[in-house]
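Everything on this sheet refers to the single structure shown next.
Quick caveat: nothing in here was measured; it's all calculated off a predicted structure. Proteins come first, then strands; the chains are lettered A, B, ... in the order of their sequence lines, and each starts at number 1.
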Number of protein chains: 2
Amino acid sequence: MQFHQTVNHLLSRVATAHRSRIEKRLGAIGIHSGQLTILFELWKNDGRRQVDLAAELRLAPPTINKTLIGMIDLGLVTRERLEDDARSTRIFLTDAGKQMRQVIEAEWLEIEEEMLTVLTETERLVLFDLLTKLKHFYFGTEPEE
Amino acid sequence: MQFHQTVNHLLSRVATAHRSRIEKRLGAIGIHSGQLTILFELWKNDGRRQVDLAAELRLAPPTINKTLIGMIDLGLVTRERLEDDARSTRIFLTDAGKQMRQVIEAEWLEIEEEMLTVLTETERLVLFDLLTKLKHFYFGTEPEE
DNA sequence: AATATATACTTAGCGTGCTAATAAATTCTA
DNA sequence: TAGAATTTATTAGCACGCTAAGTATATATT
């Protein structure tokens with residue numbers, strides 16, 4: 001059988017290379033891919049609970065927790081216990097975390113453009129559509145955003 | 001800006017979910033995704049040097065090294081110093097490593113099918129084509145296999 | 001031949017993902 | 001209301017990716 005000719009395998013290899021490239025580009029800014037994933041969520045909706053971030057991103061609670069520790073150290077976010085439920089914490093962007101958006105936005109679009117140089121405009125749209133379908137498969141959702 | 005509407009972001013999220021799913025499925029067999037990546041290469045071409053595996057897969061030498069240690073522990077491969085160059089080692093599949101192929105082959109195809117249930121036959125082919133182009137971008141190669 | 005450079009593997013340490021197990025707080029239920 | 005079950009965050013520990021630094025061997029240079 002041709003393992004190498006499965007979407008499975010192709011996606012795996014491309015994904016690793018993709019993340020590696022993103023890490024390298026973000027590294028210059030002083031940030032990591034997992035941190036960015038959370039920043040994206042907070043930029044969209046600040047002050048979420050950890051468990052809600054985890055659920056939204058389909059990541060395990062310990063993953064969120066560990067990444068947040070790094071982000072607190074970097075001064076990107078703060079944590080606050082809820083008053084009406086001492087189990088939970090809310091995560092808030094600091095000014096630094098908010099301002100980071102400008103720089104990352106530019107970098108993110110550059111990465112996007114570079115990656116898509118090998119595709120035509122039509123192919124980009126098709127790829128976006130197909131990845132969206134896969135995301136719905138993995139996330140078990142209907143279109144939302 | 002809509003970060004969430006970039007291929008970049010979509011690919012990142014899908015990739016994480018994809019790997020997570022693969023890990024879960026392979027876990028039942030007692031193997032991990034990084035190990036499988038190397039197995040794929042060895043099934044195609046046994047007895048490679050570590051540095052060649054790293055180059056072929058675009059992974060850093062320490063990554064290969066660490067993963068191989070786990071595979072040796074599992075009894076999937078063996079390491080042998082080259083006689084004519086004591087710096088290098090060749091990696092050989094054990095019988096266990098060879099026989100593993102049967103089980104994984106079946107599992108791999110199942111995962112492939114499940115993932116692609118959300119796509120039509122045409123979409124599958126298009127996705128394969130687009131991912132191939134991205135792979136060439138990241139790997140810096142022309143079609144080879 | 002002696003030194004310098006390059007190559008290959010290894011070790012140490014980090015971020016991102018996971019599961020399992022703990023601790024604390026809340027909510028449910030009998 | 002007391003005890004049980006659930007929820008939330010955390011800690012510990014693993015695999016997989018990376019870079020930086022170290023060691024050993026091979027090759028080039030002088």
Side-chain angles (χ1 to χ4, degrees), chain A residues 12-40 48-55 57-74 76 79-91 138, chain B residues 12-40 48-55 57-74 76 79-91 138:
Chain A
S12 298
R13 302 324 307 143
V14 167
T16 299
H18 180 243
R19 188 207 286 210
S20 187
R21 186 183 199 85
I22 287 177
E23 281 283 336
K24 195 165 291 180
R25 297 293 294 267
L26 292 180
I29 300 178
I31 218 176
H32 288 277
S33 61
Q35 299 168 345
L36 182 55
T37 300
I38 293 180
L39 282 179
F40 278 150
R48 331 255 311 247
R49 295 184 308 153
Q50 292 189 207
V51 66
D52 294 330
L53 287 172
L57 294 168
R58 268 70 172 177
L59 294 177
T63 299
I64 297 290
N65 188 58
K66 202 193 292 186
T67 301
L68 283 175
I69 291 173
M71 296 174 75
I72 292 169
D73 286 350
L74 288 173
L76 298 174
R79 250 202 281 227
E80 287 182 25
R81 284 279 158 194
L82 292 205
E83 293 165 0
D84 54 331
D85 190 338
R87 291 171 302 181
S88 301
T89 62
R90 281 197 196 285
I91 308 301
Y138 284 118
Chain B
S12 299
R13 302 322 309 142
V14 167
T16 298
H18 181 241
R19 190 209 281 213
S20 187
R21 187 182 198 85
I22 288 177
E23 281 282 337
K24 195 165 292 180
R25 297 293 294 265
L26 292 179
I29 300 178
I31 218 176
H32 288 277
S33 61
Q35 299 168 345
L36 182 55
T37 301
I38 293 181
L39 283 179
F40 277 151
R48 331 256 310 247
R49 295 185 308 155
Q50 291 190 206
V51 66
D52 294 330
L53 287 172
L57 293 169
R58 267 70 173 179
L59 294 177
T63 299
I64 297 290
N65 189 59
K66 202 193 291 185
T67 302
L68 282 175
I69 292 172
M71 296 174 76
I72 291 169
D73 285 349
L74 289 173
L76 297 174
R79 251 204 281 229
E80 288 183 23
R81 285 279 159 194
L82 291 206
E83 292 166 0
D84 53 332
D85 189 340
R87 291 171 302 182
S88 302
T89 60
R90 282 195 195 288
I91 308 301
Y138 285 117

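Counting non-hydrogen atoms under 4.0 angstrom, B:T37 reaches nothing in the nucleic acid. Across all strands shown, A:L59 has heavy atoms under 4.0 Å from sugar-phosphate atoms exclusively, and none from any base. As judged by a 4.0 angstrom heavy-atom cut-off over every strand, A:R21 is placed among residues making no nucleic acid contact.
One atom, NZ of A:K66, and another, C1' of C:dC18, lie 9 Å apart when rounded to the nearest Å. Rounded to whole angstrom, the span from the OH atom of A:Y138 across to the P atom of C:dG17 amounts to 16 Å. Atoms CD1 (A:I69) and P (C:dT16) sit 11 Å apart, rounded to a whole Å. Rounded to an integer number of Å, the gap from A:N65 CG to C:dG17 C1' is 14 Å. A straight line from CZ of B:R79 to C1' of C:dC9 spans 8 Å, rounded to a whole angstrom. Atom pair B:R13:CZ and C:dT16:P shows a separation of 12 Å (rounding to whole Å applied). For B:R49 and C:dT10, the CZ to P distance is 13 Å, given to the nearest whole Å. Atoms CD (B:Q50) and C1' (C:dT11) sit 13 Å apart, rounded to a whole Å.
Among the duplex regions that DNA chain C forms, those built from at least three successive Watson-Crick or G-U pairs under 3.5 Å are C:1-30 with D:1-30, ordered by first number.
Between the CZ atom in B:F40 and the CG atom in B:L57 there is a gap of 11.0 Å [rounded to 0.5 Å]. A distance of 4.5 Å separates CD1 of A:I38 from CG of A:L68, quoted to the nearest 0.5 Å. Put simply, CG on A:L59 and CG on A:L53 are 9.5 Å apart, with the number rounded to the nearest 0.5 Å. Atom CD1 in A:I64 sits 12.0 Å away from atom CD1 in A:I69 (nearest 0.5 Å).
For DNA chain D, the span of nucleotides reached by chain B at under 4.0 Å from its heavy atoms goes, 5' to 3', from D:dA15 to D:dA26.
A side-chain donor-acceptor contact under 3.5 Å links A:T67 to the backbone of A:T63. When atom types are taken as modelled, the side chain of B:E23 and the backbone of B:S33 share a donor-acceptor pair closer than 3.5 angstrom. Side-chain atoms of A:R49 never come within 3.5 Å of backbone atoms of A:S88 as a donor-acceptor pair (strictly under, hydrogens ignored). With hydrogens and angles disregarded, a donor-acceptor distance shorter than 3.5 Å links the side chain of B:R81 to the backbone of B:A86.
Counting heavy atoms from C-beta on, the side chains of B:Q35 and B:H32 come closer than 4.5 Å. For the pair B:R13/A:T37, a side-chain contact is recorded, criterion being any heavy-atom separation below 4.5 Å from C-beta on. Contact annotation: the side chain of A:R58 never approaches that of A:Y138 to less than 4.5 Å [non-hydrogen atoms, C-beta and beyond].
Place A:T16 and A:T89 on DNA chain D by their nearest nucleotides, and A:T89 ends up nearer the 5' end. Place B:D52 and A:P62 on DNA chain C by their nearest nucleotides, and B:D52 ends up nearer the 5' end.
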Would you sort out whether A:T89 and A:I91 count as a side-chain contact (heavy atoms from CB on, under 4.5 Å), showing the intermediate values? CA-CA 7 Å; A:T89 62; A:I91 308 301; 4.1 Å; yes

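Considering only residues two or more places apart in sequence or on other chains, B:R79 meets the side-chain hydrogen bond (donor to acceptor under 3.5 Å, both in side chains) condition with B:Q50, B:N65. When the salt bridge (Lys or Arg N to Asp or Glu O under 4.0 Å) test is applied to B:R19, no partner is found at least two apart in sequence or on another chain.
At C:dC18, one or more side-chain N or O atoms of A:T63 fall inside 4.0 Å of OP1 or OP2 (strictly under the cut-off).
Contacts of residues 25-35 of chain B with DNA chain D (heavy atom under 4.0 Å): B:H32, B:S33, B:G34, B:Q35.
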Under 3.5 Å between N/O atoms: give me all the protein pairs with nucleotides 22-27 of chain C, atom names plus distance.
residue	atom	partner	partner atom	Å
C:dT26	OP1	A:A86	N	3.2

